[in-house]
Amino acid sequence: MIDKELLLEKARQAMVHSYSPYSSFKVGAALLTKSGKVYTGTNIENSSFSATNCAERTAFFKAVSDGEKEFKAIAIVGGKNAEIKDACMPCGVCRQVMAEFCDKDFEIITASENEIIVKTLDELLPESFQLRKKRHRAHR
Ligand code: THU
C-alpha cells in the first residue's frame, strides 16, 4: 500500500524550494519508485517562459538520471504563494513524460484543502502516444 499522506507531505516539503518568481505558483512533487525510493521536484521557472520546468518533470528527470525507470506513484501539491486550496493536476506535457516511463495503473495523488484525489495515468492520459510497444519496456 502506498502511504499517500507521507508522499503528499514530501511534496509539500519540496514545494518550499520552488523557483517561481514569475507566477508565484509554487508546486512540489514526490515521485515513488518501485524500489521504494522517493525523488522530489519543484517547478523551476525562467524569464524565457517556455524554458520553465514543472515540478513533476523535475522529479522524473532527477530519478531517471539516477538510473531509476520504474515508478509507482507521484504526489503533487501546488498553489499561489504556496497556499494549497485546489488539487494540482499535472499538465499535458508532464502526463506525456509519465506515459514514457509508467504503466497505466501509475497513481497520481493530489490534494485540495479538504480531500485527497487519486487518479491513474490511464484516466489522465488515455490512448497516449507511444513510439514503442510497452512490452519492449524490458529492454529500456
Ligand atoms: N506547474 C507545475 O510545476 N506543475 C503542474 O502540473 C502545473 C504547472 C508550474 C509551472 C509554472 O511554474 C507554474 O506552475 C504556473 O503555471
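Both ligands and their constituent atoms are indexed starting at 1 by order of listing.
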Report task. Sequence neighbours left out, what passes salt bridge (charged side-chain N to carboxylate O under 4.0 Å, His left out) with E83? Give chain and number order. Result ->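 In terms of salt bridge (charged side-chain N to carboxylate O under 4.0 Å, His left out), with neighbours along the sequence ignored, E83 is linked to K85.
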Report task. Please identify each residue that fulfils ring pair (Phe, Tyr, Trp, His ring centres under 6.0 Å) with F129, with sequence neighbours left out. Result ->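 If we apply the ring pair (Phe, Tyr, Trp, His ring centres under 6.0 Å) test to F129, skipping adjacent residues, there are no hits.
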**Report entry** Donor-acceptor pair between Q13 and T40 side chains, under 3.5 angstrom
**Finding:**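 Checked: Q13/T40 side chains show no N/O donor-acceptor pair below 3.5 Å.
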Query raised in the report: Is the NZ atom of K62 crowded by more than 12 outside heavy atoms at less than 6.0 Å?
Result: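 Correct, the count exceeds 12.
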Query raised in the report: Tell me, which residues have any heavy atom less than 4.0 Å from some atom of ligand 1?
Result: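 Lining ligand 1: S23, F25, V27, N43, E45, T52, C54, A55, E56, M89, P90, C91.
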**Report entry** Side-chain heavy atoms of L125 within contact of Q96, under 4.5 Å
**Finding:**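 They are in side-chain contact.
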**Report entry** With D3 via side-chain contact (heavy atoms from CB on, under 4.5 Å) - residues at least two apart
**Finding:**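 For D3, the residues satisfying side-chain contact (heavy atoms from CB on, under 4.5 Å) (neighbours in sequence not counted) are E5, L6.
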